[in-house]
Amino acid sequence: MADVVLTEIHGRVGLIRINRPEVLNALNNDVMDGIGLAIDAFEADEAIGCIVLTGNEKAFAAGADIGFMKEFGYMDAYKTDFITRNWERIRTCRKPVIAAVSGYALGGGCEVAMMCDMIYAADNARFGQPEIKLGTLPGAGGTQRLPRAVGKAKAMDMCLTGRMMDAAEAERSGLVARIFAPEKLVEETLAAAQTIADYSLPAVMMVKESVNRAYESSLAEGLLFERRTFHASFALEDQKEGMAAFVGKRKADFKHR
Ligand code: DAK
């Protein structure tokens with residue numbers, strides 16, 4: 001059986017590829033465990049500064065594996081903490097994770113993309129939360145992250161009708177950061193990830209932590225968190241190097257300290 005999750009290293013970027021093309025990359029425990037293990041390894045590796053999660057040209061992931069969950073009862077789901085155990089690892093990663101989405105990102109696939117720090121999409125990308133058509137609802141953050149990304153009106157529309165949003169609408173609505181041609185998606189995402197990975201890793205982690213606060217606290221609390229983190233950045237060797245390099249009109253040589 002082929003590995004359902006593949007990894008590659010490109011410079012300071014760790015690439016994770018979901019690999020179940022026969023079922024449009026439907027997500028099961030093996031896939032989610034594989035993504036978690038890959039993140040564990042890239043997070044522990046000092047030589048990695050940014051992570052990219054992708055699928056193939058036809059599908060990022062068409063959702064959780066429907067065949068696997070169709071016979072589940074409430075007790076099975078509750079007692080085994082269904083999917084939650086291995087679905088939270090992307091959220092807890094402290095290095096930036098970029099989703100590179102081509103083709104379908106539906107249900108759990110859309111939710112996994114939204115767990116990442118940002119989404120770059122191919123122009124053929126289709127996003128949706130079609131769980132309503134299956135008699136259920138998004139269970140991995142879709143009803144929470146989608147309204148934060150696209151606003152209540154579009155989130156309600158997507159979750160209640162189960163319709164798909166194309167890449168242009170997703171970018172217009174704030175779900176997607178940038179759009180590329182499908183054949184350029186991974187290359188361009190890796191290039192952006194490399195740019196991020198070449199900056200000071202602790203500064204990058206502070207930016208990620210600080211922006212995420214915007215979602216989880218009031219403006220006053222978020223501003224205080226940002227201010228304290230900004231102050232803390234003056235303890236970085238890389239801050240001294242970055243500013244000295246600017247004044248000296250040379251390229252900064254960050255040591256990630
Ligand atoms: N699961 C299993 N198999 C899938 C699949 C899925 N989600 N999506 C597609 N496949 C399989 C198809 O069954 C088909 O297999 P064969 O018939 O060839 O054996 C193969 O992939 C190719 O699919 P199609 O023949 O259907 O391809 P089309 O191009 O005609 O259509 C499609 C593409 C994406 C429109 C269609 O496949 C589709 O509607 N797929 C289902 C999309 C969907 O409903 N996704 C949401 C699933 S529910 C949780 C976390 C997450 C979740 C739940 C809980 N917790 C943390 C608690 C998530 C739930 C979901 O995602």
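Ligands are counted one by one from 1 in listed order, and the atoms in each one are counted from 1 as well.
For Glu46, the CD atom counts as loosely surrounded, since its 6.0 Å shell holds 12 or fewer non-hydrogen atoms of other residues, nucleotides or ligands. Annotation for Phe72: atom CZ counts as buried by contact number, over 12 foreign heavy atoms lying within 6.0 Å.
Using a 4.0 Å cut-off between charged nitrogen and carboxylate oxygen, Asp30 and Arg20 do not count as a salt-bridge pair. Residues Lys184 and Glu187 are paired through a salt bridge, judged by an N-O separation under 4.0 Å between the basic side chain and the carboxylate. With respect to Arg148 and Glu216, no salt bridge is recorded, no charged nitrogen being found less than 4.0 Å from a carboxylate O. With salt bridges taken as basic N to acidic carboxylate O contacts below 4.0 Å, none links Arg178 and Glu188.
Counting heavy atoms under 4.0 Å from ligand 1, residue Ala26 touches it through the side chain alone. Of the heavy atoms in Glu88, none comes closer than 4.0 Å to ligand 1.
The distance from ligand 1 to the heavy atoms of Ala140 drops below 4.0 Å at these ligand atoms: 50 (C), 51 (C), 56 (C). Taking a cut-off of under 4.0 Å to the non-hydrogen atoms of Lys58, the atoms of ligand 1 that pass are 29 (O). If you number the atoms of ligand 1 from 1 as listed, the ones under 4.0 Å from a heavy atom of Pro130 come out as 43 (C), 44 (O), 45 (N), 46 (C). Within the listing of ligand 1, atoms 34 (C), 42 (C) sit less than 4.0 angstrom from a heavy atom of Leu106. Residue-ligand proximity, Gly108 to ligand 1, at heavy-atom distances under 4.0 Å covers atoms 58 (C), 60 (C), 61 (O).
For ligand 1, the polar-atom distance check against Met69 finds no nitrogen or oxygen pair separated by under 3.5 Å.
Heavy-atom distances between Glu22 and ligand 1 reach below 4.0 Å in at least one pair. The closest approach between a heavy atom of Lys133 and any atom of ligand 1 is not below 4.0 Å. For Arg126, the heavy-atom gap to ligand 1 stays at 4.0 angstrom or more.
The side-chain contact (heavy atoms from CB on, under 4.5 Å) test applied to Ser200 returns Pro202, Ala203, Leu236, Asp238, Phe254, not counting sequence neighbours. In terms of the side-chain contact (heavy atoms from CB on, under 4.5 Å) criterion, residue partners of Glu8 (sequence neighbours excluded) are, by chain and number, His10, Leu15, Arg17.
Using a 30° and 60° split on the angle between ring planes, Tyr74 and Tyr78 fall in the parallel class, below 30°.
Relative to atom 47 (C) of ligand 1, the option among Leu137, Leu134, Leu24 with the closest non-hydrogen atom is Leu134. Nearest residue to atom 43 (C) of ligand 1 from Gly107, Pro138, Gly67, Ala62 is Ala62 (criterion: closest heavy atom).
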